[in-house]
Amino acid sequence: MSRYDASDIEPKWQAAWEQAGSFLARRDESKPKYYVLEMFPYPSGRIHMGHVRNYTMGDVIARYKASCGFSVLHPMGWDAFGMPAENAAMASGGHPKDWTYDNIATMKQQMKPLGLSIDWSREFATCDPEYYGQQQSMFLDFMEKGLVYRKAATVNWDPVDMTVLANEQVIDGKGWRSGAPVERRELTQWFFHISDFAEELLEAIDGLDDWPEKVKVMQRNWIGKSRGLQFSFSMVDGPHGHDRIEVYTTRPDTLMGASFVGISPDHPLAKMLERERDDVAAFNAKARQMGTSEEELERAEKLGFDTGLTVRHPFDTSWELPVYIANFILMDYGTGAIFGCPAHDQRDLDFARKYELPVISTYAPRDDEGHVLPESGGDAYVPPKSEKVHYVKGFAGDAMQTGEEGIDSAIAFCEANGVGQGVTKFRLRDWGLSRQRFWGAPIPVVHCDDCGVVPEKKENLPVELPYDVSFDIPGNPLDRHPTWRDVPCPACGKPAKRETDTMDTFVDSSWYFARFTAPNAATPTDPEEAAYWMNVDQYIGGIEHAILHLLYSRFYARAMHICGHLPASAIEPFNALFTQGMVTHEIYVTRDEKDRPVYHLPEHIEWTESGARLGATGEPVEVIPSAKMSKSKKNVVDPETIIRDYGADTARWFVLSDSPPERDVEWTAAGADAAYKHLARVHRIIAEIAESSDDGSKEADIELTRAMHRAIQDVTMGIESFGFNAAIAKLYAFTNTLQKSKAGTDAKREAARILAQLMSPMTPHLSEECWRLLGGEGLVTGAPWPVADESMLVEDTVTLPIQINGKRKSELTVAKDLAKEEVEKLVLADNAVVKALDGGAPKKLIVVPGRIVNVVL
RNA sequence: GCCCGAGUGGCGGAAUGGUAGACGCAGCGGAUUCAAAAUCCGCCGGUAGCAAUACCGUGGGGGUUCGAGUCCCCCCUCGGGCACCA
C-alpha cells in the first residue's frame, strides 16, 4: 500500500484532466449554464495565499456545479494595466509591457499546479491590444451615445516632479518621491456620465438578492440620494454682479439656526476675490495645498477666511450672515457653497467656536433633561432624522415632529414663500476616467485645431501603445513621443495631436467578465455567446471592491447594453456576489541599531522554549499579531513553497477549512501540517478499505449508510451556502465515523467512494486517486453529484434539553412526534424538575416540539 | 472625520431566538516501539470541590424575552472603503 504522495498524485491527475478537456467551457443549449468568476488578479509578480484562497473558493463552486450537470464557465485573466508596471520601469528601466508579461508568465506557472478547473483557452490580459482595442471601440460607441464628456477637474499635482499623483502617492500632503507639498490643479479630463444612472443604479440594488447586505448598504450610501432645498442668499453689496450665493442643504429645517455661509476656495466668488485681494489669494493658495481625496479634506484642520462680505437671511432681511471661504468645502459637491448651522453639525460647531460665530439651536430633545445645549458648551445635537424632536426655532409644521417631517414641511414652506425649491441630489459624482499615465488603454481621440475633438476611426483601432519609450524623466512618455502623438486629423487630414490621457484601469475591469464569454470575437462581445453565458452566476472577490469596481461594472453593463454589446438581461452582470476575507500571518520583527523595525520571513524563524528566534543568529524575535500578508512586512508564505512541501490539495484544504470564507484566515504552519496529516489519513483509510474484505454487522452497515447520507446532505448544503469550513468539519466527522465503523466492506467501500466524491471540489487530486483505488468509473471530476436519501436522514427519537428558568438542568429522550401533552407529563416527572418544583406547580411550561422544554418557576 | 463590518476556550472557529464551545490545532495522559517518527485511544472554558455538583462565562454597559453569542440602545478595540492603489 503506497503512502500519500502529493507530488506523485497531483501532476498525474492534472494531466488526465487536461487530456480529457474537462474544463473547457462548451456552449450547450441542452444544459443549464453556470458562470463562476473570481476577480482577476493584478500581475504583481508572484501569486500569494490570498489568490489561492480566492481561486480555491471559485474552484469548489465550479467543480461542484459541473458535477451537478451544469455547463460551467470558469475563466481566468489578468488586470494588467496600472501604475506598478510604470513604477518598475522608472526604478529599473525596461518597458512596462515586458515587466507585465513576464509577471503573467510567472504567476500562471505558479497557478497551474493548484489544479484549478479553469478554462485557460479563454485567458487574456487587459493590456493585450486585442482587448483594449475593443475597449477603445466601445469608448467611441459611448461617445456617440453621449455617455462620455470632458470637463475640468482637480488632480494632485507634484510641483517638483511636474506630474500628476495618485492619492496613494500623496503621503501627508507631500509627493512620495519629491517630498514637495502637493497642489490641487485643474485639468480638462474625460468623464463617464455615471451620475445620470444614479437613480437606476440605486433602485436596482433592491433586486440584487444574492449580494451581501453590507455591500448593498455601502453602494446605497455611496450613491447617496438626498432630498433637500436649493435656494440663494442675496448678498449685501455683492461685488461685481455677485448678488446671490446659491446653496444646497439637506437640513432646511435648521435654516433659522444658520450662522454663516461657507464657500469653496474654487467657488466663482472666491476666485474673483482672489484676483483682487492678496489675503484671499494667500488663503486659497494654502487651501489648495492639499490632496484631492475626501479623506484628507475631512481629516485636515477646518480653516475659514472671513471675506467681510455678508448675505441676508431669506426670512429676516435684517439678519446678516458672514461669508467665509472654507477649506473643507469642495466645488464638486452641490453648489460649492453651504450655510452652517453649528447647533446641529459638529463640524460647523467646531468652526463656529473657532471663529466666534453664534450658535442657535432650532430643535432640542423632547425630554431635554440632562441635555446640554450647544449654546452652553454642549456637543452639536444630531439625532437620527426619524426621531421626534422639539422644534424651538422652527418655522414650519408642528413644534413636535421628526427630523424628516421637519425637513418636508420646511421645503414646502420655503417653496410656498418663494425661497428656493426642493430638489433631489446624489452624492455620486461622474466617473473621471482620464489618467495622465502611459500604461493604460489610450483614449482613442485626436485633437485638431480646426475640428476640435475628433474620434479615431474604428478601422484604425487599436490605438496601440508605442514600445520605443523611456521612463527616465517624470511625466507621461506619450506626451513627448512625436511620431505617436503627431497624427493627421481623422476628419480633415490636417496635422493634429492624439489624446495622451489613458483610461482608468477600472474601465478595463468593468467589462472583462463579458469578454470572457467570447474572448476572440472581432467585436467587444458575441451576441449569442453573451446571451448564453451572461450573467456571472457567482462572483467572488475581496470586500475592498465593494463600491468602486462593482458600481462601475454595473454602470458599464448598462452602457454596453445601450450600445448593443450586452442583452438587456445582463445590465446587472453579477447575479450573486461573495466577498471573501484575507489571508493573514503573524509578523516577525527585530530592531536595528536605530530601533527601526526589521522584518523577517516566517521560514527564517525558529521556535524555541523561550520563544521565537532568528534561525541564522539566534536573535530573539518579537511576534506581532496577524495582519494581511504583505511583502513590506515579510509576513508571507509562498504558495509555491507550500505546494512543493505539502501539495496543492493541502493548501486548498487549509485555506477553506480554518475560517468562514467571508472572514480573514490566519495561515499557520501547524494548520498546514494538520491539513496534510488529515489528507494522508483519508488516503490511508481509503486504501485500506479498497484492499479489505470483511463482513460487518447489519446494524453497523445501516449506521454507516445513515452517516453517509447525513454527510451528503450536510456537505452539499455547506457548499451551496458558502459554508466551506462547516462542510469540511462535517467531512472530518464523517471520516471519523468511517474509520471507526464496524460495517462490512461493501458498505465501507460505498461510504469511502462518497467521501472521496464529497471532498473532490476541495481536494480534487486526492479524490481522483481515491476514486481510482475504489474502482470508480472514469474521473470523479464530472461524475454526477450524489443525492442524499431523505428517508435515511430522519431520526426516530429526539433528546430534548429541559431548562428550569432558562438554564439547562436535565434532558429527556422521546419519540420524535410525541404529543405535547405527553412531553409535559414526562417533564413534570423528571427528577430535576420534581426537585426544583418542591411540590409546587410551575408558573409556566414551555414545550417547543422537537427542540426544547423550559419550566418557569 | 464619514460610510460598512468584525470581536466566542491557549488558538482557528461551531451554534433557524432554544443544551454555548461542533470540527480542527496546540497541550496533557495512555497504547504501540529497543527508541523515535508515524499511527491509534482518552482528557481538555474558568473558579470551588475527592466527587456528585454549584456558580461564572460569547469585547464592556444597559434593555426586550419563558429563554439572547444571536434582537434593540450606548460604548471600546480591530479591519475594509472614502472616487488617481488594484
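Numbers restart at 1 for each chain; the letters A, B, ... are given by sequence-line order, proteins then strands.
Comparing P660(A) and R299(A) against RNA chain B, the residue whose closest nucleotide sits nearer the 5' end is R299(A). Along RNA chain B, the nucleotide nearest to V855(A) and the one nearest to I728(A) differ in position, and the one closer to the 5' end is contacted by I728(A).
A donor N or O paired with an acceptor N or O is found under 3.5 Å between the base of C84(B) and the side-chain atoms of Q436(A). In terms of polar N and O atoms assigned as donor or acceptor, the side chain of R851(A) never comes within less than 3.5 Å of the base of U19(B) in a complementary pairing. Judged by distance alone, with hydrogens and angles left aside, E294(A) brings no side-chain donor or acceptor close enough to the base of C82(B) to form a pair under 3.5 Å.
Within the nucleic acid shown, G671(A) has no heavy atom closer than 4.0 Å to any nucleic acid atom. When heavy atoms are screened at a 4.0 angstrom cut-off, H549(A) is found touching no nucleic acid atom at all. As judged by a 4.0 angstrom heavy-atom cut-off over every strand, V848(A) is placed among the base-contacting residues. Across all strands, R681(A) comes closer than 4.0 Å only to sugar-phosphate atoms, never to a base (heavy-atom distances). Backbone-only engagement by G432(A) is indicated by non-hydrogen atom pairs under 4.0 Å involving sugar-phosphate atoms exclusively. At the heavy-atom level, K302(A) lies nowhere under 4.0 Å from the strands shown. Note on F328(A): nothing from the nucleic acid sits closer than 4.0 angstrom, heavy atoms only. Across all strands, A670(A) comes closer than 4.0 Å only to sugar-phosphate atoms, never to a base (heavy-atom distances). No engagement by S509(A) is indicated, since no non-hydrogen atom pair under 4.0 Å with the nucleic acid exists.
Secondary structure note: stems in RNA chain B built from 3 or more consecutive Watson-Crick or G-U wobble pairs under 3.5 Å occupy B:1-7 with B:76-82, B:10-12 with B:23-25, B:27-31 with B:39-43, B:45-48 with B:53-56, B:59-63 with B:71-75.
Ring-centre distance between F654(A) and Y646(A): not below the 6.0 Å cut-off.
The shortest distance between the side-chain N/O atoms of S659(A) and the OP1/OP2 oxygens of G13(B) is below 4.0 Å. The phosphate of A83(B) (OP1 or OP2) has no side-chain N or O of R429(A) nearer than 4.0 angstrom. In this model, the phosphate group of C55(B) is approached by a side-chain N or O of K809(A) to a distance below 4.0 Å at OP1 or OP2. A close approach under 4.0 Å does occur between a side-chain nitrogen or oxygen of R684(A) and OP1 or OP2 of C40(B). When the side-chain nitrogen and oxygen atoms of N736(A) are compared with OP1 and OP2 of G24(B), one or more of them lie within a distance under 4.0 Å.
Annotated as syn: G9(B), whose glycosidic dihedral is within 90° of 0.
No side-chain donor from either of T500(A) and N476(A) sits under 3.5 Å from a side-chain acceptor of the other.
Salt bridge status for E296(A) with R184(A): absent, with no side-chain N to carboxylate O gap under 4.0 Å.
In the set C82(B), C85(B), A14(B), the nucleotide with an atom closest to the side chain of N167(A) is C85(B).
At whole-Å resolution of the value, CD1 in I205(A) and P in C4(B) are 13 Å apart.
Every residue meeting the ring-ring contact (aromatic ring centres under 6.0 Å, His included) condition with Y512(A), not counting sequence neighbours, appears here in chain and number order: F40(A), F516(A).
A heavy atom lying under 4.0 Å from RNA chain B marks the following residues of residues 212-225 of chain A, by number: K214(A), V217(A), M218(A), N221(A), W222(A).
Partner Q189(A) forms a side chain to side chain donor-acceptor pair (under 3.5 Å) with one of R435(A), R150(A), Q436(A) and no other, that one being Q436(A).
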